[in-house]
Amino acid sequence: QVQLVESGGGSVQAGGSLRLSCAASGYTYSSYYMGWFRQAPGKEREGVAAISPSGARTDYAGPVSGRFTASRDTATRTLYLQMNSLKPEDTAMYYCAAADRMGPWPLRTDTYKYWGQGTQVIVSS
């Protein structure tokens, strides 16, 4: 069984910060490419950030580049997304995902096989 559980979401004022966590279990976490995605009401799910198994490579969507940082901790089997300088347009349900192989598009949803249940982020102006 592969299970991903997100936490750390909440409501913040614009300019604030949040740190999302994704706890992984039931698989070889260290061998998986991991990603963060988000979906706002009425919109399609979009890629936010991705990180390689070793953590050496990260990819970010243009709107979050310079503000969000993805990281991972092998010892605790946890994926993180540090979100700084939050904007109202960052409001969405945030999901973590895992892929056992990686192609040339780490921010595409169809790259990933396993998904968490999501954690809500609301940023007020």
Side-chain angles (χ1 to χ4, degrees):
Q1 296 287 338
V2 174
Q3 187 171 9
L4 304 173
V5 181
E6 302 96 332
S7 62
S11 298
V12 298
Q13 294 290 115
S17 298
L18 283 174
R19 189 192 194 200
L20 305 184
S21 298
C22 174
S25 63
Y27 72 106
T28 306
Y29 167 82
S30 62
S31 69
Y32 280 75
Y33 218 100
M34 304 292 293
W36 285 102
F37 295 80
R38 66 187 183 186
Q39 187 168 25
K43 299 181 67 177
E44 294 186 348
R45 191 169 299 183
E46 62 179 357
V48 175
I51 186 167
S52 65
S54 70
R57 176 181 174 177
T58 53
D59 294 89
Y60 299 95
V64 309
S65 181
R67 299 188 297 120
F68 291 10
T69 303
S71 61
R72 61 194 297 164
D73 187 327
T74 299
T76 61
R77 300 169 64 87
T78 305
L79 172 72
Y80 300 100
L81 184 67
Q82 179 66 47
M83 306 186 294
N84 298 325
S85 301
L86 284 162
K87 303 175 180 180
E89 51 263 46
D90 295 320
T91 295
M93 184 74 76
Y94 282 72
Y95 300 87
C96 68
D100 56 8
R101 65 180 66 85
M102 182 50 58
W105 302 289
L107 296 180
R108 286 172 59 102
T109 58
D110 58 7
T111 294
Y112 298 85
K113 183 177 182 179
Y114 306 103
W115 294 83
Q117 85 290 345
T119 185
Q120 182 69 54
V121 172
I122 299 174
V123 184
S124 59
S125 60

For Lys87, the side-chain contact (heavy atoms from CB on, under 4.5 Å) test, sequence neighbours excluded, returns Arg67, Glu89, Asp90

Cluster check Ile51, Val5: I/L/V/M/F/W/Y, side chain < 4.5 angstrom: no

Can you name the side-chain hydrogen bond (donor to acceptor under 3.5 Å, both in side chains) partners of Gln120, sequence neighbours left out? none

Distance (rounded to the nearest 0.5 Å) between Glu6 CD and Trp115 CH2: 9.5 Å

Apply side chain to side chain contact (heavy atoms under 4.5 Å, CB included) to residues Tyr95 and Leu4 and explain how you reach the verdict. CA-CA 9 Å; Tyr95 300 87; Leu4 304 173; over 6 Å; no

How long is the gap from CG on Leu20 to CE on Met83, to the nearest 0.5 Å? 3.5 Å

Output the distance between atom CG (Leu81) and atom OG (Ser21), rounded to the nearest 0.5 Å. 9.5 Å

Output yes when a side-chain donor or acceptor of Arg45 lies under 3.5 Å from a complementary backbone atom of Gln39, and no otherwise. no

Does the Thr91 side chain pair with the main chain of Val123, one donor and one acceptor, at a distance under 3.5 Å? yes

Mind jotting down which residue pairs meet the disulfide (SG to SG under 2.5 Å) criterion with at least one end in residues 62-125? Sequence neighbours excluded, please. Cys22-Cys96

What are the two closest non-hydrogen atoms of Tyr60 and Ala70, and how far apart are they? OH-N, 2.9 Å

Please tell me whether Val48 and Val12 are part of a single hydrophobic cluster in this structure, the criterion being side-chain heavy atoms less than 4.5 Å apart. yes

Can you tell me which residue pairs pass the ring-ring contact (aromatic ring centres under 6.0 Å, His included) test with a partner in residues 2-25, sequence neighbours excluded? none

Determine which pairs satisfy disulfide (SG to SG under 2.5 Å) with at least one residue from residues 49-88, sequence neighbours left out, and list them in order. none

Run the side-chain contact (heavy atoms from CB on, under 4.5 Å) test against Ser125 and tell me which residues pass, sequence neighbours left out. Pro88

For the CG atom of Asp100 and the OG1 atom of Thr111, what is their distance to the nearest 0.5 Å? 11.5 Å

What do the steps show when you test Leu18 against Phe68 for side chain to side chain contact (heavy atoms under 4.5 Å, CB included), and what is the final call? CA-CA 10 Å; Leu18 283 174; Phe68 291 10; over 6 Å; no

What residues form a side-chain hydrogen bond (donor to acceptor under 3.5 Å, both in side chains) with Ser124, not counting sequence neighbours? Gln13

Residues in ring-ring contact (aromatic ring centres under 6.0 Å, His included) with Tyr112, at least two apart? Phe37

Output all residues satisfying side-chain contact (heavy atoms from CB on, under 4.5 Å) with Glu46, sequence neighbours left out; order by chain, then residue number. Arg38

Can you list everything that forms a side-chain hydrogen bond (donor to acceptor under 3.5 Å, both in side chains) with Asn84? Sequence neighbours excluded, please. Ser17, Gln82

Using the side-chain hydrogen bond (donor to acceptor under 3.5 Å, both in side chains) criterion, which residues pair with Thr109? Sequence neighbours excluded. none

Interatomic distance, CE@Met93 vs CD@Gln117, rounded to 0.5 Å, equals 8.5 Å

Could you tell me whether the side chain of Arg72 and the main chain of Ser52 form a donor-acceptor pair under 3.5 Å? yes

The salt bridge (Lys or Arg N to Asp or Glu O under 4.0 Å) partners of Arg108 (sequence neighbours excluded) come to Asp110

Return yes if some donor-acceptor pair links the side-chain N/O of Tyr32 with the main-chain N/O of Ala97 below 3.5 Å, else return no. no

Nearest non-hydrogen partners of Pro106 and Arg57, listed with the distance: CG-NH2, 3.9 Å

Find out if a path of hydrophobic residues (ILVMFWY) with successive side-chain heavy-atom gaps under 4.5 Å connects Leu79 to Leu107. no

